[in-house]
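Convention: sequence-line order gives letters A, B, ...; per-chain numbering from 1. Just so it is clear, the model here is predicted, and its values are computed rather than measured.
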Amino acid sequence: MTAYRVYSKEEWTSAVKALESHYQVFVPVKDGDFHLFGLLSEGKRPDFDFQNTHLSPKSIVYPQSERMFEYSLDGEDPDAHMLKEAPKDFSPRAIVGIRPCDALAFQRVRVNFDTPRYRDPWWVSRFESTTFVGLGCNAPEATCFCTSVGGGPFSEAGLDVLLYDLGDRFLAKVLTSKGDGLLKKALGGMEADGTLVRQAESLALKVTEAMPAVVPVDGLKDKSVLELFEAPFWEDVAFGCINCGTCTYLCPTCWCFDIQDEVLGKSGDRIRNWDSCMFPLFTLHGSGHNPRGGKVARVRQRFMHKLKYYLDKYNEGVQCSGCGRCVRSCPANIDIRQVAELMNSL
Amino acid sequence: MLLKNLLEHIGLEPGRLHFSWISSAEAAKFVEVANEVNQVVEELGPARFLVKRKARVA
Amino acid sequence: MSKRARMTLDNPYLPYPVRIEQIVTETEDGNLKTFRLVFLNPEHEEKFRYMPGQFAELSIAGKGEIPIGIASSPTERGFLSFTVNRVGVVTAHLHNMKEGDVMGVRGPLGNCYPWDEMEAKNVVIIGGGFAFTTLRSSLVYLLDPQNRSRFKDVIVVYGARSPGMLLYRDELWQWEKRDDLQMHVTVDATDDPDWKHHTGFVPTIVKKVVPSSDSSVALVCGPPVMIRNTQPVLEDLGFPPERVFLSLEMRMKCGIGMCGRCNIGDQYVCKDGPVFSLAQLKEMPPEY
Amino acid sequence: MLHYTEKIREIAGRLLKQGVVDVFIGYRKGSVPMMNNPLLIRDPGSTDLLYWDSNCALNLCNYLTGRKDRIGIVATGCVSRNIVTHIVENQISRSQLYVVGIPCTGMISHRAVIRAVGGREIIEFEEQGERFLVRGRDFEEIFEKNDFLQSNCAVCRYPNPVLYDEMLGERVPGYEGDDVYRDVEKVEQMSSEDRRGFFSRMISRCIRCYACRDACPLCYCPTCFVDESRPQWVGKSIDPVDTMTFHLLRAFHCAGRCTDCGACERACPMGIPVRQFTKKLNKDVQELFSWEAGLGLEQRPPLDVYRQDDYDGFIR
C-alpha cells in the first residue's frame, strides 16, 4: 500500500535540514533573477515557490566539466603517461524539489550512459547515488508541454518521492524504497489520512487536465527518416539560429560531451566537458571535411535527434521532457514545439 | 594601450604589465627598465589573477 | 562474475598502457607511419580480443585520443599495429614519438567486417590511399592457413596516388606472388618507367579485374571520391547493396556511442559501425 | 515601434516583386512574449510574416556574413553601424544591400520587465505606442517603454540609421546626456582588487555556451580563437581562469568595432552583463582615438590606422 506522509511547510523545511547529515542536499534557491539548484550545506535557503529552475538539475548528476583521469608526464615517474582515475565523491545526494519533467529527463538520458555493452562510470555512479524528491507542478507555465511527450505535472517517472503542494502542507507520496529510506531519515511529518490523499489526487487530475497535449509527436514514429531529413522547412527553421549552445546546455535531456587533455608542467588531466551539436567543431574531421558544416545541417540534427533518431533507436519516446527551457531561452526564438508540429504534419 | 586598460580594468594589478620602447643601441635603458620591472613586480608578490593552475572542475 | 558486474570494473574510457615496439615510415612523404604496440599487461592483451574491421582509440596522455583502424590481424599474436596519417595535434605528436615510448590503447571498438556472411564466398577487397589498414588486417586474417579454406577466391584491388604512397609495399609484392589470391596494385599515375603493376584509378581497375559478383562480397574502404566512383562499378557487376560493405570515418571522441557526435541518423559510426552495408547506408541520411 | 510593421511588409513586398533583392531579412512575431524570430523571406507573397516591435533585439547584421545574394534588410541605428563595419571589413558589399532604415526608439529589456512583475510568468505582451501591456495568469500591467529600455538603448546616441536606402519614418532624437559611460566609470573608480572580484563574480555563472560571441555580427571568424587547437589558447572547461580569458579576448576582438547594440547581453541565457568588457573598450577608443564604430564608410577603424599623434604615454 503506497505510503503517504504529510508535513506542514515548516516541518518540511526542518525535515530537509535533517537530511543534511545523510545526503548532499540540493534544493531550488533564488539566485538573482531566477532559481537554480544549490547545495543546502552552502547555507542556501530553499525556496519551493518557483516555476522551474533556470538551469536543469542535469549538472548535479552530470557536471558540465569533470576530470576523468590524471597522469604524470615526468620521465622519471614509472607510471608516466599512464592514466589513473581521478578521485571522485559519489556519496549519497538528494535533489529535493525536482520537477517531474526533469526527473523524466534523467530516465530518457540513462539509456545513453547505462547500456548493456558500456556503462559510463561517472554518470551511472552519481545517478545511482541520487534520491529524487519531486515536487508536482500546481501552475505549469505556458511554455511547458510535458503532457505532450509522455510526462505530466504530477508524473512519477524517475522519482523516489513525489510531493504535492496542498497550500499550507506538503503531502509526500513514497514511490520507491530509496524514497522510503529518505523520508525515514528526514524525521517529522505524520501518516496522511485518505482525505488528504484524495485532495492531492484531485489536484493532480485538475492540473493535468488543464494541460492538453498540444505539441503533436504521435506521428513521428511512422514518418520516414529520409523524408523528414529532406523536408523543405529546415532552411526556414534554421535561419534565425546563431548556433550558440544555449538550448543544448539548458536542456535536461542533452548529453553530448567532449574530451580534452589539459597539461600543466609535468602533470595533466583528461577532462570531459559538455559539448553541443550546434558547434561546427562537433563533427569537424581531421581532414577538414565536416558532414554538418552548415548551420541548417546542425539545426536539423538537433531536432531530428530529439524527435526521430532517439525515438527510433531507443523506443523510449522522444528525447525531450517538455520542460520548455529552450523555448524560453533561445535568443532567436526557435521553438521546438513548432518544429515538432512541422515534422509531425509532414 | 587598449589591452593594458582592459586588463587593468578587470583587475590586473597596475605594475604587472609594462611597455617600453628600447632600441638595440640603448643597452643602459634596457638594464634600467629590466631592474625597475623586476623590483615593481617583486613588491606586488606572486601573481594570482588570470593564472591557470589545475583546472577547477568537478 | 556476471557480465554487468565485470562491466563496472572496466572503465570504458580507461586506455590499456602499451609500449611502442616498432615504428615504420610507410610513405615517401613521411606522413604515414605504422606503429607496432605491445601491451604492458598481458591481462589487457587477453581482454583485447578483436576482429578485422574494428578500430581502437590511440591515447596519448597530454594530447588526447584518435580513432584508428587496427591494421594488424588477430592472427598476428603479441602486438597491435596501427598506420597513422599525420593530420592533427595528436597524430603530429605521435609521429614525433620514439620506439620504447609509453602510450595507451582503448578498445577494440565498433563492429567488424561481416566474417560469418563472407563464409564460403568470394571476397573482393577494394582499398584506396591510407584507408588500407583494416583491409590489411582482413587480408592477413583471410590468408592465415586456419582461415583461407573458409573462403573461395580472394581478389584485392589497392590503389594510391603514386608508388611512394602505397602502404605495406614489401607485403604487397609477396601477396602478388601467391596463387591463392589475385593481388592488383595500382597507382593513379607514375613516371617510373619500370612500374610493372596497374596504372589507373581504383574503380577502373575493379571493372577490369573483378569477373562477376555471384556469391561474392565486397569490402570497400577509401577516400569518399573513390567510394563514390566504385559503387556504380560494383552495381554494374551485379553486386546487391547487401553484399557491399563500407568502413566509414567520422569525428569521434568516446568511441563507445555516448558522446553523440559520430551519428548518421540514429546509427553511431563508432558503435553501430564503422562497417555498414550499402543497403544500410541507403536507408540512412546522406550526412557523412 | 509596432507601427513600422505595415511599412516593412509593403517595402519588402515591393523589393521582392520588382526583383531589387533576392531575399528580405527582418523579424517574425515570436512564439513567446518579448521574443521575436529573425526571418528570411524570398517570396513576395509571405511578407505578412514580417513583424516589428520593441523586442527585435538580436542584431540582424549577424545574418549577412558570407551571403552572395542581394539582400533587403531592416536596420536600426546600431544595426546600420554594424552593416557599415561589415562593409568596411569586406564581409558584404554595399551593392548587395538595400537597407530599410528604422529610426529606433529603443528595445525593451525582457529581463527588467519580468523582474518588475516579480518573476511571475508573462503570457502576453502588447506594445501600445510608447507604452506596453503585459498579461499574466492573474495580473495585467501597463508600463512606460522608456522605463524598461535595454541599458544600451537607454543611452543610445545613434538611434537613426547611418546608412540606408529608404527611411521608414521621421528621425528620432538620440540620447543627449554626457554620462553614456557612467556604468563604466563606476567600475573604474573601484580598487583593482574590487574590480577583480566584480568581474570574477560576474562571469562565475557563465556556462560557455558562446551565445555572446554567436549573437555578435563582429564575430565571423571561420575558427574562433577559443576553438583553435593548434595552438590552443584557451581551456574548454568552465574553469574560471579559462572563462575569464575567453571573455577578455572576445571583447578585445571587438575593440574599435563594437556599436554597443546589446545583442550579446540579450542572447546571454544567464543574464550576464557582458557589455562591461566591450563598453570599457568603447570608452577608451573614444577617448584615445575619438572614434565610434561604424559611422561612415570612408573612415578606417582605429586599429587599422597608425597616426603620428596616437597616444603613447604608457610606453616608457
Per-residue contact mode, [X] against chain C (heavy atom under 4.5 angstrom):
X: A:Ala80; answer: backbone
X: A:Met304; answer: neither
X: A:Leu228; answer: neither
X: A:Trp123; answer: neither
X: A:Phe257; answer: both
X: A:Ile271; answer: neither
X: A:Phe69; answer: side chain
X: A:Phe229; answer: side chain
X: A:Glu262; answer: neither

#### Entry: Part of C:Cys254 within contact of chain A (heavy atom distance under 4.5 Å)
both
### Message
Need one label for C:Leu40: side chain, backbone, both or neither, based on atoms under 4.5 Å from any heavy atom in chain A.
### Response
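Side chain only.
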Part of [range] lying next to chain A, heavy-atom separation under 4.5 Å:
range: residues 275-288 of chain C; result: C:Lys282, C:Glu283, C:Met284, C:Pro285, C:Pro286, C:Glu287, C:Tyr288
range: residues 80-99 of chain C; result: C:Val87
range: residues 20-35 of chain C; result: none

### Task
With side-chain contact (heavy atoms from CB on, under 4.5 Å) as the test, would you mind laying out the steps for C:Arg251 and A:Asn290 before giving the verdict?
CA-CA 9 Å; C:Arg251 176 157 193 156; A:Asn290 192 338; over 6 Å; no
Measuring from atom [atom1] of [X] to atom [atom2] of [Y], what distance do you get when rounded to the nearest 0.5 angstrom?
X: A:Tyr118; Y: C:Asp10; atom1: OH; atom2: CG; result: 10.5 Å
X: A:Thr283; Y: C:Ile264; atom1: OG1; atom2: CD1; result: 11.5 Å
X: C:Leu14; Y: A:Met82; atom1: CG; atom2: CE; result: 11.0 Å
X: C:Asn11; Y: A:Glu85; atom1: CG; atom2: CD; result: 4.5 Å

#### Entry: Quiz item: cation-pi between A:Arg272 and C:Tyr13, 6.0 Å / 45°
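Satisfied, under 6.0 Å and within 45°.
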How close do [X] and [Y] get, counting heavy atoms only, and between which atoms?
X: C:Gly260; Y: A:Cys256; result: CA-SG, 3.8 Å
X: C:Gly62; Y: A:Asp261; result: N-OD2, 2.8 Å
X: A:Arg270; Y: C:Pro15; result: NH1-CG, 4.2 Å

Quick check: do [X] and [Y] have side-chain heavy atoms less than 4.5 Å from each other?
X: C:Met250; Y: A:Pro291; result: yes
X: A:His81; Y: C:Met103; result: no
X: A:Ile259; Y: C:Cys259; result: no
X: A:Ser287; Y: C:Pro223; result: no
X: A:Thr115; Y: C:Lys271; result: yes
X: A:Asn112; Y: C:Met258; result: yes

### Task
Answer yes or no: does atom CZ of C:Phe201 have more than 12 heavy-atom neighbours from other residues, nucleotides or ligands under 6.0 Å?
no
### Message
Can you confirm whether more than 12 heavy atoms, excluding those of C:Glu249, are under 6.0 Å from its CD atom?
### Response
no
### Query
Is the closest basic N to carboxylate O distance between C:Asp272 and A:Lys313 below 4.0 Å?
yes
### Task
For the pair C:Ile256 and A:Arg117, evaluate side-chain contact (heavy atoms from CB on, under 4.5 Å) and give the outcome as yes or no after the intermediate values.
CA-CA 9 Å; C:Ile256 56 174; A:Arg117 193 165 158 198; over 6 Å; no
### Query
Which residues satisfy the side-chain contact (heavy atoms from CB on, under 4.5 Å) test with C:Ile227, sequence neighbours excluded?
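With sequence neighbours excluded, C:Ile227 shows a side-chain contact (heavy atoms from CB on, under 4.5 Å) to C:Val220, C:Gln231, C:Leu246, given in chain and number order.
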### Task
Would you confirm whether C:Lys253, through its side chain, and A:Asp258, through its main-chain N or O, come within 3.5 Å as a donor-acceptor pair?
no
### C:Arg261 side-chain N/O to A:Phe282 backbone N/O, donor-acceptor pair under 3.5 Å
yes
### Message
Let's test your reading of the structure: which of C:Pro17, C:Ala61, C:Pro224, C:Gly257 forms the most heavy-atom pairs below 4.5 Å with chain A?
### Response
C:Ala61
### Query
Looking only at side chains, do C:Asp266 and A:Tyr314 share a donor and an acceptor under 3.5 Å apart?
no
